[in-house]
2 protein chains.
Amino acid sequence: MNLKELSSKLGLSQTTVSRALNGYPEVSEQTRARVLRAAEQHGYRPNTRAKGLATGQSMAIGHVIPVSTRHEIVNPIFGDFIAGAGEVYARAGYEMVLTVVDDSNEAQVYRALRARAAVDGVVVHSPQIREPRIALLTDIGLPFVVHGRSSDETAGYSWVDVDNRRAFVRATTFLLDLGHRRIGLVNGLETMDFAHRRRRGYEQGLAARGITPDPALMRSGEMTEALGFEAARDMLAGPAPPTAFLAASIISALGIRRAAEAAGLRVGRDLSIVTHDDELSYLRNGGATPIFTATRSSVHTAGRLAAEMLLQQIGGDVTSPRQILLEAELVVGESTGPAPALARMFDTAKD
Amino acid sequence: MNLKELSSKLGLSQTTVSRALNGYPEVSEQTRARVLRAAEQHGYRPNTRAKGLATGQSMAIGHVIPVSTRHEIVNPIFGDFIAGAGEVYARAGYEMVLTVVDDSNEAQVYRALRARAAVDGVVVHSPQIREPRIALLTDIGLPFVVHGRSSDETAGYSWVDVDNRRAFVRATTFLLDLGHRRIGLVNGLETMDFAHRRRRGYEQGLAARGITPDPALMRSGEMTEALGFEAARDMLAGPAPPTAFLAASIISALGIRRAAEAAGLRVGRDLSIVTHDDELSYLRNGGATPIFTATRSSVHTAGRLAAEMLLQQIGGDVTSPRQILLEAELVVGESTGPAPALARMFDTAKD
DNA sequence: TGGGAATTTGAAAGCGCTTTGGACCCGTTG
DNA sequence: CAACGGGTCCAAAGCGCTTTCAAATTCCCA
């Protein structure tokens, strides 16, 4: 059923039917009602492409998912981010177009999306410290919102990010307050902007107490369980092992816990772990009392906010770039406790 | 730059340029070369929507992601499946359109996709035992491939699935051979077809050795870490605790391990765990020797195969439904060992 | 050398929608 | 009573592409 058929069935012109359906005022309320009823009844939906051609809008938002050629890893936060954004798109009548591309020729993909007029805007995922995509998109005039930020980018652009630096300063300080002095960092890939900021937060937290970061206690890479395990295993086997860890995600934290247990250490007593928690739906950090002490910020919410911001931008409601900086909350769970040396002192005192 | 501009710049008609670009034979090789060069140089890309309107093809595949209203969980395998499918689409020049929808009104979404001619076909995710979507899609004539199967569906349709039943028979038998008699099952939601089949495999494996499944040792739900933990904790606290577990995913297996360690049990010695492993990129099951003994089958591959199958179907190369049943391999890792009773006997014998 | 076939190109219609520029009707006003 | 204006509706153009049908050109061989 298309417009032509529907309008001939109604004995009206396509013009009138189109206007009735799209809420234009120059249609009598009576005919509008009649049109709406008929459309409903026949399950009429305007053809997406025809509508797009006519209006010049595609009613679609692009998400380009970079899959690193070396690691072949899909960011685990992706599903939840998409779910958050998808809700917004669905409500607004937008579609979400996904492109999986190996990160070597991402630029091409954006240019193609633009040239083919396939989308009205894009969400930029996983920005690096130096992020050429921002200049590229600005250049070709494709509206965009970045999930995260790019430290080296000076021009204004829209983004939604968590205050990663601050979160890791707080997490570090929290561990220092518990008496930990040797704190291992199992970070994400430090070419990624968020990981870079977390690293800075960690270092600033230590520096504030006059502690120089020990390179032997810092590791970065893709946020997998395996990385967490290997990093923790190696550090724990070192000459001066850490008494606490800072992890970039619950997944790496699970790896750290495995290493701890393999080393005969009890998490929360012999070894403390603080992790960042993206509140992934399939990896909830426990119930009433969290498993891990964590800096927590919902990536689902971030997806929602990014999508809303982008739609506003496309709608022209907003002209200048907007930014949202989300604050991560520090929730205390069962994975942290006083540093072992102190703990022993307490035990002695009690005797 | 559109066709009109490009062709006027070349001093050719739109017809000729279009034909040259699309590889039609009725163009001299000389002009074709000239056209291709100019197109390349000006970065010309045909407008997706206009092309779609003209050809009647949308060059897009839909993926409808159901987010259960109750659980608000995005299937963690989703990212990797999409990555596999996305590669195929990219190569074939297709786009991937994602729709996130709460499972209550999925049917509407499919109808809408069809009516608006937004996609040329869809991949059906997470089929249930009784799956109305199959009849619906057949009915409205939208080509589709199911990732998984629907036990109650008798009509022929295309699918890509793992032999879940067989995998779980083998896993169960493997544990029985190690002397385990009480084996806990931490399954996915058993309205889901895959979980249903795994359950059957588990029961068949037990039955083959004359063991009646104990309802106290079976639990099902969303495959989260928390579910694994709670299920294992509860079963281990019961009057006749299991000596081994079968898990539906590495994520639940991690939860089981946490419960084991909380109960002071050493995984691989005091308690065995076999899990299904979808080979998620961010949850690799260890390196040389797997962490978990597992039935292994790549969901990334499944995504690739499903996409290829669907494109063939749309291309008309294939007319009748096709099916691919993947075999899961059983890989032995560090999470399994002889049942404790036997282990003790061995120890005694050694003395 | 002429005519039919083969090769190469183009004009125009059409895909399904929106939107411009009128047309028509009717009530109001000077 | 003519002029005006608001309320409804429609014909047709146009979005950027493909494809049909036809025309123009070249080629080949009787």
Side-chain angles (χ1 to χ4, degrees), chain A residues 1-36 38-39 42-60 93-95 112-120 315, chain B residues 1-36 38-39 42-60 93-95 112-120 315:
Chain A
M1 170 71 54
N2 59 22
L3 229 209
K4 189 146 96 180
E5 291 163 21
L6 181 65
S7 41
S8 86
K9 194 157 297 209
L10 279 162
L12 288 168
S13 73
Q14 297 190 35
T15 312
T16 304
V17 175
S18 169
R19 286 210 260 245
L21 256 21
N22 291 304
Y24 283 81
E26 53 275 79
V27 178
S28 76
E29 282 314 314
Q30 188 191 339
T31 34
R32 187 192 305 281
R34 202 159 67 90
V35 169
L36 286 175
H42 293 92
Y44 168 77
R45 306 273 184 146
N47 181 301
T48 311
R49 293 186 304 276
K51 187 161 186 163
L53 233 207
T55 59
Q57 288 218 304
S58 64
M59 296 302 279
Y94 274 76
E95 265 161 12
L113 283 176
R114 174 58 168 172
R116 296 181 321 189
V119 298
D120 294 333
Chain B
M1 170 72 52
N2 59 23
L3 228 209
K4 189 146 95 181
E5 291 164 20
L6 181 65
S7 41
S8 86
K9 193 156 299 208
L10 279 162
L12 288 169
S13 72
Q14 296 190 36
T15 311
T16 304
V17 175
S18 169
R19 284 207 265 244
L21 256 22
N22 291 304
Y24 283 81
E26 53 274 77
V27 178
S28 76
E29 282 313 314
Q30 188 192 339
T31 35
R32 188 192 304 283
R34 203 158 67 89
V35 169
L36 286 175
H42 294 92
Y44 169 76
R45 306 274 183 144
N47 181 301
T48 310
R49 294 187 303 276
K51 186 161 188 164
L53 233 207
T55 60
Q57 288 217 305
S58 64
M59 296 302 279
Y94 273 76
E95 263 161 14
L113 283 176
R114 175 58 168 174
R116 296 181 321 190
V119 298
D120 294 333

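All heavy atoms count here, side chains included; hydrogens, waters and symmetry mates do not. Keep in mind the model is a prediction, meaning the values are calculated, not measured. So that the names make sense, note that chain A is the first sequence line, chain B the second, and so on, each numbered from 1.
At the phosphate of dG16(D), neither OP1 nor OP2 sits under 4.0 Å from any side-chain N or O atom of Tyr44(B). The phosphate of dT18(C) has OP1 or OP2 within less than 4.0 Å of a side-chain N or O from Lys51(A).
For the pair Leu10(A) CG and dT8(D) C1', the computed distance is 16 Å after rounding to whole Å. Between the CZ atom of Arg114(B) and the C1' atom of dG16(C) there is a distance of 16 Å, given to the nearest Å. Rounded to whole Å, atom P of dG16(C) lies 17 Å from atom CG of Asn47(B). Between the CG atom of Leu3(B) and the P atom of dT9(C) there is a distance of 16 Å, given to the nearest Å. One atom, CD of Gln57(A), and another, P of dC15(D), lie 17 Å apart when rounded to the nearest Å. Nucleotide dC15(C) holds its C1' atom 9 Å from the CZ atom of Arg49(A), rounded to whole Å. One can place CE of Met59(B) at 20 Å from P of dG16(D), the figure rounded to the nearest angstrom. Whole-Å rounding puts the Leu53(B) CG to dG14(C) C1' distance at 10 Å.
Ranking dG14(D), dC17(D), dC9(D) by closeness to the Ala50(B) side chain, first place goes to dC17(D). Proximity note for Glu26(B) (side chain, C-beta onward) versus dT18(C), dT9(C), dT8(D): the nearest is dT9(C).
The OG atom of Ser7(B) sits 8.5 Å away from atom OH of Tyr44(B), with the distance rounded to the nearest 0.5 Å. Atoms CG and CG, on Leu113(B) and Asp120(B) in that order, are 11.0 Å from each other to the nearest 0.5 Å. Going from atom CG of Leu53(B) over to atom NZ of Lys51(A) covers 13.5 Å, rounded to the nearest 0.5 Å. For the atom pair Lys9(B) NZ and Met1(B) CE, the distance stands at 4.0 Å (nearest 0.5 Å). Expressed to the nearest 0.5 Å, how far CG of Leu3(B) lies from CG of Leu21(B) amounts to 7.0 Å.
Of the residues in residues 14-25 of chain B, Gln14(B), Thr15(B), Ser18(B), Arg19(B), Asn22(B), Tyr24(B) come within less than 4.0 Å of DNA chain D through at least one heavy atom, sorted by number.
The pair Glu95(A)-Arg116(B) meets the salt-bridge criterion, since a charged nitrogen lies less than 4.0 angstrom from a carboxylate oxygen.
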| message | Assess the residue pair Ser13(A) and Thr16(A) against the criterion (side chain to side chain donor-acceptor pair (under 3.5 Å)); give the C-alpha distance rounded to whole Å, side-chain angles, the decisive distance to 0.1 Å, and a yes or no. | response | CA-CA 5 Å; Ser13(A) 73; Thr16(A) 304; 3.1 Å; yes
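Between Met1(B) and Val27(A), the residue anchored nearer the 5' end of DNA chain D, judged by the nucleotide with its closest heavy atom, is Val27(A). For Ser13(B) and Thr55(B), each mapped to the nucleotide of DNA chain C holding its nearest heavy atom, the one lying further toward the 5' end belongs to Ser13(B).
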